[in-house]
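Quick notes on the structure that follows.
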Amino acid sequence: MLSHTFPLADYAVHLGPLSETLPAWLQKRNYSSIFVITDENTHAHCLPYLDLLPPIKGGAGGGLGAILPPGETFKTLTTCSQVWQAMLDANLDRKALVINLGGGVIGDLGGFCAATWKRGVDFIQIPTTLLSMTDAAIGGKLGIDFQGLKNVVGVFQNPAAVFVDPAFLLTLPERELRSGFAEVIKHAFIGDVALWRNIEAMPNLEDAPWLAILRASIAVKVRIVTEDPHEKGLRMLLNYGHTIGHAVESYFLKTPFPRTHGECIALGMIAESWLARTSIPSGHNLLAQTITLIAASFAHEPIPEAAFTEIWETMQQDKKNIAGAVRIAVPGEEPYSMQVIETNAEAVVESLRFYNGLVGEAF
């Protein structure tokens with residue numbers, strides 16, 4: 001497998017086998033110790049990948065670290081306290097390196113803990129899910145959930161590096177792999193027509209050319225975060241599907257049957273493209289194309305109408321909002337262009353009803 005490096009302003013994303021990327025990077029640095037954050041799943045299935053690498057000064061793969069329970073419900077201040085206590089017990093100084101080995105939750109929470117420990121220690125992201133490889137690990141957005149609201153407490157802090165190894169995809173359950181595919185679809189709509197066509201032509205996820213898909217999808221994310229590192233403009237486009245999707249995800253997290261992030265973002269892209277159908281000249285085409293790609297990869301799971309009010313209330317806490325106006329960012333006419341629209345409760349309810357009604361030929 002050929003490795004590829006995506007340079008950003010003050011760090012790089014390295015795509016390829018860890019054995020070809022991580023040891024050489026570490027050899028150029030002089031960290032006092034290495035602290036590895038995993039969850040129970042990545043500790044069992046992914047940490048052995050680090051043990052297979054040449055010996056690393058500081059002990060990556062064993063010794064210092066924290067093992068967390070898996071899942072979005074543990075992305076909280078309470079879990080941060082546990083990580084900080086483990087860092088304290090390990091006497092972690094400011095010359096240490098934190099390795100976040102896991103999906104989006106580990107990357108967000110682990111990076112937040114590292115960025116705030118003794119006013120900041122270096123950390124690297126080693127994403128192990130498709131979602132984190134293509135989206136969550138790149139761009140320096142770190143944080144935790146609070147009072148049921150996703151990512152409302154956090155900071156912008158870039159990692160020292162990101163290492164993406166497609167081999168970790170082999171450790172994923174099918175549902176988790178599919179969840180991450182929603183972000184790949186999002187990137188295709190945002191800026192890469194060729195990626196969109198490749199997705200459309202794929203027979204199934206099992207036979208996907210992951211190295212090529214990752215390279216194309218990461219390139220979209222890198223281009224946008226390079227242009228807009230602090231989400232002042234174009235970077236809002238990366239939230240396509242997330243304004244409604246995050247609110248739906250927050251609702252289902254409190255039920256016995258939580259939905260994955262990707263399942264909610266896929267639904268959110270359909271609902272948000274329905275809201276934008278009259279706001280941009282190609283709005284109806286965007287809606288039709290979104291339905292086509294989502295229907296090919298995700299099951300249709302209606303939302304209870306009883307949830308609509310709570311979903312709208314959660315949307316009012318979205319970070320893109322200004323002066324109480326709920327704003328949604330959708331792809332514009334050209335690649336890497338954006339249309340921001342304001343919406344209201346009635347329109348959002350109608351968009352969710354539209355999604356609920358997509359049965360038969362659409363799904």
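As the structure is a prediction and not an experimental result, all values here were calculated from the model.
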Under the side chain to side chain donor-acceptor pair (under 3.5 Å) test, which residues partner T290, sequence neighbours left out?
-> Y240

Polar contact flag, side-chain donor to acceptor under 3.5 angstrom, T129-S132 | yes

According to the interplanar angle, ranging from 0 to 90°, do the rings of F156 and H230 count as parallel (below 30°), tilted (30 to 60°) or perpendicular (above 60°)?
-> perpendicular

F6 vs H14, ring-ring contact (aromatic ring centres under 6.0 Å, His included): CA-CA, chis, key distance, verdict = CA-CA 6 Å; F6 300 86; H14 305 275; 9.5 Å; no

Is it possible for you to say whether F168 and L205 belong to one hydrophobic cluster, with membership spreading through side-chain heavy-atom contacts below 4.5 Å?
-> yes

Should the pair K95-D93 be classified as a salt bridge under the 4.0 Å nitrogen-to-oxygen rule?
-> no

NZ/NE/NH1/NH2 to OD/OE distance under 4.0 Å, K186 and D135 | yes

Can you hop from I37 to L109 via hydrophobic side chains spaced under 4.5 Å?
-> yes

Should T134 and K221 be marked as a side-chain hydrogen bond (donor to acceptor under 3.5 Å, both in side chains) after you check the CA-CA gap, both sets of side-chain angles, and the distance that decides it?
-> CA-CA 7 Å; T134 61; K221 179 72 182 277; over 6 Å; no

Are more than 12 heavy atoms from other residues, nucleotides or ligands located less than 6.0 Å from atom CD of E206?
-> yes

Do NZ/NE/NH1/NH2 and the carboxylate oxygens of E249 and K150 come within less than 4.0 Å?
-> yes

If we ignore angles and hydrogens, is there a donor and acceptor under 3.5 Å between the side chains of S3 and E20?
-> yes

Taking only Lys NZ, Arg NE, NH1 and NH2, and the carboxylate oxygens of Asp or Glu, determine whether E227 and R235 approach each other closer than 4.0 Å.
-> no

Do the side-chain N and O atoms of H261 and S179 include a donor-acceptor pair separated by under 3.5 angstrom?
-> no

Can a salt bridge be assigned to the pair E310 and K254 using a cut-off of 4.0 Å between side-chain N and carboxylate O?
-> yes

Sequence neighbours excluded, the answer for side chain to side chain donor-acceptor pair (under 3.5 Å) partners of E200 is none

Side-chain ion pair, E263 and R175, N-O less than 4.0 Å | yes

Examine R29 relative to W25 and say whether NZ or CZ is less than 6.0 Å from the centre of the six-membered ring and inside a 45° cone about the ring axis.
-> yes

So, Q289 versus N285: side-chain donor-acceptor pair below 3.5 Å or not?
-> no

Indicate whether the side chain of E40 and that of H45 have a donor and an acceptor atom separated by less than 3.5 Å.
-> no

Is it the case that Y31 and D122 place a side-chain donor and acceptor less than 3.5 Å from each other?
-> yes

Any side-chain donor paired with an acceptor under 3.5 Å for H4 and R215?
-> yes

Does R353 come within less than 4.0 Å of E305, counting only side-chain N to carboxylate O?
-> yes

Worked verdict on K320 versus N239 for side-chain contact (heavy atoms from CB on, under 4.5 Å) = CA-CA 9 Å; K320 298 183 295 301; N239 281 301; 3.8 Å; yes

Shortest non-hydrogen separation from D228 to L234 and the atoms involved = OD2-N, 3.2 Å

Looking only at side chains, do K75 and N151 share a donor and an acceptor under 3.5 Å apart?
-> yes

Is there a donor-acceptor contact under 3.5 Å from the side chain of T21 to the main chain of P17?
-> yes

Does any N or O in the side chain of D145 come within less than 3.5 Å of the main-chain N or O of G148, such that one atom is a donor and the other an acceptor?
-> no

